[in-house]
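We name chains A, B, ... by the order of the sequence lines, and we start the count at 1 in each one.
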Amino acid sequence: MMPFMTSKDLLAEPVPFFVSCSNTTTEANKTGSWRFLQPRYARKTAPCSAACPAGEDIARVEMLACKGRLEEAVQIILRENPFPSVCGRVCFHPCEGVCNRGKFDEPVSVRQIERFLGDKALESGKNHTPVAARSNGKRVAVLGGGPAGLSAGYFFVQLGFECELFEAAAEPGGLLRWGIPRYRLPEDVLREEIRRIERLGLVIHCRSPFSEEDLKELQKRWDALFLACGHGCGIRLGIPGEAYADDGLAFLSRVRSGSLLPMTGKAAVIGGGNTAVDVARSLRRFGLDPVIVYRRTRRDMPAFAHEVAMAVDEGVELMELTAPLSIIEEPGGLLLNLQKMRVSDRRFDGRSRVIPDGGRVETLRVQKVFTAIGAVPAHAWQVPPKDRNRILTLSHCTLVDGETPMVFGGDLNNIRKSVADAVASGKQAAMALDTLFHKGRAAIQDRLAPCRLGDGPALSMEIFTGGRRKENHPHVVSYEDLNPDYFEPSPRAAPGILAVEKRVEGFAEVESTLAAPAAALEAGRCFNCGTCNDCDNCRLFCPEMAVTVENLRQIDLQYCKGCGICVVECPRCAMVLQEETA
Amino acid sequence: MRQVMEGSHAVSEAVRLARVQVVSAYPITPQTHIVEALSEFCAEGAMNARFICVESEHSAMAAVIGACTAGVRAFTATSSHGLALMHELLHWASAARLPIVMAEVNRALGPGWNIWMDQTDSLAQRDTGWIQLYCEDGQEVLDTTLQAFRLAENVHLPVMVVLDAFFLSHTHEPVNLPSQDEVDRFLPPFLPRITLDVENPYALNQMSPPNVYMEMRHNIQAAMEQVPGRFDLVDKEFSSIFGRSYGSVETVCCDDANTVLVVSGTAAGTCRHVISQLRLRGEKVGMLKIKMFRPFPADRVRSVLGNVEKVAVVDRNFSFGASGIFAQELRAALCALDQRPQIFGYIAGLGGRDVTTETFEEIYLRTRQSDRPESESIWVGLSSKEREP
């Protein structure tokens with residue numbers, strides 16, 4: 001019989017209690033023996049990098065920038081592109097068009113961050129790039145001081161070439177110096193970035209134009225030549241009275257050199273590219289009333305949409321679906337006869353095809369007409385030859401083999417005429433010639449192929465020179481590869497824009513550089529596709545505590561059972577899960 | 001202090017007074033008011049507790065399991081589909097011997113989609129190792145919640161405090177709200193038997209091979225067997241402080257009754273009234289209210305019903321392919337007796353249908369007029385034609 005208990009006594013008696021509990025560790029349980037799949041840290045290619053002609057390691061740059069590691073971020077950019085401040089202002093930023101964040105809220109403002117970092121680098125006055133490696137004993141001459149020639153020189157000296165650059169104009173920079181107005185790209189920014197290339201060892205000779213005969217002389221004196229003479233000659237309209245029209249590029253050049261005669265009144269600018277818009281916006285700043293006359297519609301204009309929008313804001317008039325027929329001189333100005341056009345159909349890429357709209361014609365009375373419908377090379381010898389036996393055609397340059405190898409690059413060669421493509425051209429030329437001299441022509445394609453980022457043409461100098469990036473997985477990270485549960489919507493950084501009234505008063509820069517906190521915030525919006533940013537998810541989620549973080553993250557294979565949780569929880573696809581190999 | 005409050009808030013107030021340290025819950029009608037009030041208590045500082053928001057009831061139960069394993073008093077509340085989603089972790093909580101308290105608002109499971117009162121949700125969890133206590137009114141639900149913590153922490157088993165959807169959860173009644181001092185006298189701080197300790201790390205609830213698993217299961221039952229006795233003591237202590245007690249079962253007019261109606265939940269209130277009316281007419285009828293369903297107080301039930309002629313069990317639930325679940329339990333409890341009453345199983349008030357005084361009178365009269373039940377389950381108040389699609 002149970003002894004009598006008061007309620008308190010019985011409640012104080014413990015009930016039977018048996019749970020499994022062990023104070024030994026689970027170290028003896030080598031769960032790694034269960035594994036047949038193995039997770040690995042694997043940096044992959046972000047879509048922005050694959051789309052960037054200069055092949056910048058954007059995901060890594062943003063990761064460093066967001067953590068305030070600006071010096072490193074700058075160094076990473078400068079490995080691939082000598083012009084972050086320039087590109088941060090004028091690049092057409094294809095990176096942003098393919099940004100995975102665009103599928104989430106708005107793309108990261110990669111260009112604004114590049115500009116911020118480029119300006120920081122200039123402020124520091126440092127080179128940020130190792131000075132030329134030991135000389136490789138080869139001497140190369142660069143003809144043309146535009147972005148392609150300057151980039152080629154930048155990469156040549158880094159690969160150990162002795163390199164000198166010859167520029168016809170009074171100052172290097174090419175289109176950057178003479179074709180893009182100051183309100184988009186101030187001289188000091190360009191000059192400082194060129195100065196940095198000179199500090200690395202590139203010798204620049206200005207006012208050094210060359211003829212076809214001089215070229216033969218150069219071939220004797222140098223081991224190789226790089227030609228990037230650009231498109232020096234504006235395309236003609238081919239209409240009666242064209243002689244009364246001024247060339248748009250020549251006008252922009254005169255604006256930059258300060259040798260412009262005073263003008264007033266109304267001006268017509270014929271064309272729809274960036275040059276046409278630059279001419280119109282510059283004219284506006286001189287107090288003229290510019291009208292852009294374009295044969296297709298506004299959405300077909302090759303000019304950047306935001307530049308067109310700013311031009312319209314500044315009071316530039318836009319005449320769409322209008323083509324010039326003739327220019328007639330009149331007392332006090334010019335009479336422009338115009339044919340109205342209409343859209344007949346659309347091309348596969350969405351651009352309109354236009355045809356004359358019956359007999360609809362108009363006239364426009366102006367003081368000046370400018371043409372900006374494109375440009376062509378000034379001389380035939382500047383164009384890469386078509387002789388298939390002697391040439392090697394690469395994505396951004398053409399190598400002509402011979403006693404003195406010649407590489408043609410820049411706008412002379414590139415299908416897309418952009419600064420970033422010019423940089424790509426110089427980089428590819430440096431890689432091609434380096435390979436040619438070290439391993440021979442036959443080795444070039446094989447040597448360059450692994451330097452490609454994703455499936456695009458962009459090449460990485462970091463990979464070429466054996467940097468960390470060479471370990472990267474070529475897979476281009478798609479939005480579906482990411483784990484967006486870990487991201488929160490946030491607005492894209494907007495740069496400061498000068499008020500319209502201030503803009504048209506002069507040539508002050510329209511857009512301002514992001515302030516440091518805004519730049520860090522914007523860099524933090526980057527998903528860092530394929531790049532580990534130490535978010536620690538893999539370690540936090542690992543059920544076996546098999547992720548260790550000392551200097552770098554590692555997986556302890558004694559305990560990793562291959563469950564793959566780390567790979568799934570990695571927000572940015574910086575890991576892979578692979579079948580265990582015996 | 002006597003005040004008018006909703007049944008849901010009687011739970012919330014009890015949880016506040018119990019000085020619960022972690023609340024984790026996912027809202028579901030008709031449980032929402034309980035956790036809404038708790039989240040406000042946590043936000044206002046009326047409770048010194050963490051409210052952990054989760055994305056599902058499965059996670060809510062996982063969170064309170066974690067909290068309780070770490071040695072703090074934890075509470076959650078749910079209903080119907082939410083409880084069903086917790087099923088896996090209900091087993092975990094009891095086998096890990098965690099004294100979690102959960103308010104479970106009886107609601108029907110869909111489809112047909114139905115948010116109203118039905119006991120099948122909680123009764124479907126009868127084999128998970130949780131103590132189940134059913135409540136009749138607002139006062140009982142407040143008192144039972146306080147008792148639940150005391151009981152759970154004494155026997156190291158989780159307790160489900162069960163209340164009817166809307167009839168109780170959303171009905172305002174006068175309720176005596178005890179003072180914090182009184183509650184503190186009744187309910188000491190939680191002293192875990194075993195708890196996670198970063199200073200002295202060990203693993204809990206790891207692999208238990210066949211040579212121990214069966215003993216661990218037997219051990220849970222050994223603790224369960226002590227529950228009715230210990231609940232009586234807890235109830236007695238509660239009574240000494242608050243002046244109210246409930247018992248694992250309650251009998252009304254059963255001493256000389258030849259017919260006893262067996263009920264649970266708010267239907268007991270209606271049934272009480274019917275019993276008093278029938279008694280006035282000289283009917284020898286009584287009522288057995290079952291408060292504790294798990295562990296099933298079979299001894300008490302046997303001692304009350306052993307000498308009764310007929311028993312009418314009113315089930316607001318159904319086990320398809322069998323019968324009403326309270327009826328099953330009663331049959332199992334009484335079949336060991338040499339002489340057993342006739343057991344009539346009635347199914348009534350599913351999915352929120354009212355169980356009225358007329359319902360009970362009909363049940364009583366049918367039982368009185370039949371020698372034996374016409375079938376294992378008698379469905380009360382079905383409309384004459386079932387709808388065909």
Side-chain angles (χ1 to χ4, degrees), chain A residues 1-35 104 482-489 535-537 539-549 556 558-563 565 568-571, chain B residues 55 69 92-99 131 150-157 186-188 191-197 199-209 211-227 229-240 245:
Chain A
M1 184 153 168
M2 288 271 286
F4 175 80
M5 281 189 186
T6 66
S7 108
K8 280 229 172 347
D9 288 340
L10 179 58
L11 287 176
E13 279 292 297
V15 287
F17 186 86
F18 183 9
V19 295
S20 52
C21 171
S22 160
N23 54 10
T24 62
T25 76
T26 54
E27 275 170 356
N29 189 6
K30 298 280 197 288
T31 43
S33 65
W34 309 355
R35 188 181 61 244
F104 184 76
L482 303 173
N483 189 341
D485 289 349
Y486 293 102
F487 305 123
E488 282 187 34
C535 76
D536 223 17
N537 262 12
R539 191 177 68 84
L540 295 175
F541 278 92
C542 177
E544 299 299 335
M545 293 173 284
V547 174
T548 58
V549 188
D556 186 341
Q558 283 195 97
Y559 296 103
C560 170
K561 62 188 175 193
C563 66
I565 290 176
V568 172
E569 297 305 330
C570 175
Chain B
E55 87 306 334
T69 309
W92 187 281
S94 60
R97 305 296 301 274
L98 299 171
I131 296 165
R150 185 86 165 85
L151 180 65
E153 290 165 17
N154 191 260
V155 297
H156 303 286
L157 285 170
F186 169 71
L187 184 62
L191 277 177
R193 185 87 165 250
I194 191 168
T195 182
L196 293 175
D197 179 1
E199 300 302 324
N200 175 31
Y202 48 75
L204 276 174
N205 305 316
Q206 72 274 45
M207 183 78 77
S208 304
N211 63 339
V212 294
Y213 185 84
M214 202 160 155
E215 282 70 18
M216 291 167 73
R217 268 19 199 184
H218 180 255
N219 198 264
I220 296 170
Q221 174 59 11
M224 264 299 183
E225 282 169 7
Q226 294 208 12
V227 170
R230 289 185 183 235
F231 177 68
D232 285 350
L233 295 173
V234 167
D235 200 29
K236 212 163 121 190
E237 268 189 30
F238 187 86
S239 169
S240 71
S245 69

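- To the nearest 0.5 Å, atom OG of residue A:S22 and atom OH of residue B:Y202 are 11.0 Å apart.
- For the atom pair B:E153 CD and A:L11 CG, the distance stands at 12.5 Å (nearest 0.5 Å).
- For the side-chain contact (heavy atoms from CB on, under 4.5 Å) test, residues two or more places apart in sequence or in another chain that qualify with B:L196 are B:T69, B:L204.
- Contact between B:I194 and A:C21 at its shortest, heavy atoms only, is CD1-SG, 3.7 Å.
- For the pair B:E215 and A:F18, the tightest heavy-atom approach, listed with the atom from each and the gap, is CB-CE2, 3.8 Å.
- Under the rule for a side-chain contact (heavy atoms from CB on, under 4.5 Å), the partners of B:Q226 that lie at least two apart in sequence or sit in another chain are A:V15, A:P16, B:R230.
- Around CE of B:M216, the count of heavy atoms belonging to other residues, nucleotides or ligands within 6.0 Å exceeds 12.
- Without hydrogens or angle criteria, A:S20 side chain to B:Q206 main chain gives a donor-acceptor distance under 3.5 Å.
- The parts of B:A203 that come within reach of chain A are both its backbone and its side chain, each placing non-hydrogen atoms under 4.5 angstrom from that chain.
- By the neighbour-count criterion of 12 heavy atoms within 6.0 Å, atom OH of A:Y486 is densely surrounded, having more than that number from other residues, nucleotides or ligands.
- Atom-to-atom distance recorded for B:N154:CG and A:L10:CG is 7.5 Å, nearest 0.5 angstrom.
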